[in-house]
Amino acid sequence: MTETRDRLVQWLRDAHAMEEQAHTMLKGQLKRVEHYPELEARVRDHIEETRGQSETVAQCLEQLGESPSGMKDTGSKLLALGQSISGVFADDEVMNWALASHAFENLEVASYTVLVATAEAAGEEGIAEACRGILKQEEAMASWVKDNLRPLTVKYLTRDSADLPASR
Ligand code: MG
Ligand code: FE
């Protein structure tokens, strides 16, 4: 048997590792969108948001008298996921960026949905509220990526068939 509070601590630590991984991925992604300024701007904004999320999750752990652990399983699994769909040397890098981002942001949405429910079950309303705030940012980023898949695809295909630099 595991206490709900212990699950909350465990999953907050996983979320912290996920945000650290997100930060690394987003910074790498900046190099893969150079001919797509609207993507670059949104990625830059989300890097800032991700920094704040990481701090907020660390504060939630501190409130519980705990601290973030080092890089954990979730982080390494996500790293593997990111690498497996990253296609760094492909001639359609920006499209790989789109697929990887859509997957990652939705994984974050799922993680914070679980954390909100867990914090509520543990009677930690302050932590639930903090996680709701992060969830909103992840949902906004996930829908932004989703909404941009069609226009991005069209722009990529147009540039590619006009022999303009299109890959990133
Ligand atoms: Mg995040
Ligand atoms: Fe995110």
Side-chain angles (χ1 to χ4, degrees), residues 7-34 36-64 66-88 93-120 122 124-153 168:
R7 288 294 177 208
L8 180 59
V9 169
Q10 177 191 351
W11 292 339
L12 282 168
R13 283 190 177 135
D14 288 348
H16 190 266
M18 178 175 71
E19 294 305 346
E20 292 300 302
Q21 184 57 42
H23 188 252
T24 306
M25 275 182 62
L26 286 161
K27 279 175 76 176
Q29 285 170 348
L30 270 186
K31 299 176 197 125
R32 297 166 60 190
V33 293
E34 63 182 77
Y36 300 84
E38 60 292 337
L39 301 196
E40 189 175 359
R42 190 63 177 96
V43 170
R44 274 187 203 287
D45 287 351
H46 201 55
I47 287 174
E48 284 305 301
E49 288 180 335
T50 300
R51 256 11 226 150
Q53 292 167 356
S54 195
E55 269 171 42
T56 300
V57 172
Q59 284 163 7
C60 289
L61 282 162
E62 276 163 35
Q63 278 177 46
L64 295 165
E66 307 281 346
S67 58
S69 57
M71 190 58 108
K72 280 192 52 189
D73 275 1
T74 307
S76 344
K77 277 181 213 151
L78 291 177
L79 180 63
L81 170 72
Q83 284 172 343
S84 68
I85 49 181
S86 65
V88 173
E93 277 182 72
V94 72
M95 296 308 301
N96 283 303
W97 169 86
L99 298 186
S101 291
H102 186 271
F104 196 91
E105 297 306 331
N106 279 286
L107 187 62
E108 291 186 296
V109 166
S111 300
Y112 288 103
T113 301
V114 166
L115 273 171
V116 169
T118 306
E120 285 170 358
E124 294 288 347
E125 184 46 40
I127 292 174
E129 192 53 27
C131 290
R132 273 180 218 118
I134 299 177
L135 177 58
K136 269 197 181 147
Q137 292 180 325
E138 304 298 17
E139 283 171 341
M141 184 62 178
S143 13
W144 187 89
V145 173
K146 172 108 168 45
D147 292 346
N148 277 273
L149 287 174
R150 285 188 64 97
L152 170 65
T153 304
R168 41 161 79 188

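Just follow the structure's listing: the first ligand is 1, and inside any ligand the first atom is 1.
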Only one of Thr118, Leu61, Leu64 forms a side-chain contact (heavy atoms from CB on, under 4.5 Å) with Ile127, so which one is it? Leu64
Under 3.5 Å, is there a donor-acceptor pair between the side chain of Ser54 and the main chain of Thr50? no
For the residue pair Leu8 and Glu124, what are the closest heavy atoms and their distance? CD2-CG, 3.9 Å
At a threshold of 2.8 Å, where the distance has to be below it, does the Mg ion (ligand 1) have an N, O or S atom of Gln53 nearby? yes
Polar side chain donor-acceptor pair, Gln29 to Arg32, under 3.5 angstrom: no
Which atom of Glu138 approaches the Mg ion (ligand 1) most closely (N/O/S): OE2
Can you tell me how far the CD atom of Gln137 sits from the CD atom of Glu48, to the nearest 0.5 Å? 11.0 Å
For Arg51, is there an ion pair with Glu55 - N to carboxylate O distance below 4.0 angstrom? no
Write the atom name of the N, O or S atom in Glu108 that is nearest the Mg ion (ligand 1). OE2
Protein N/O/S atoms closer than 2.8 Å to the Fe ion (ligand 2) number 4
Can a donor-acceptor pair be found between the side chains of Glu49 and His46 at a distance below 3.5 Å? yes
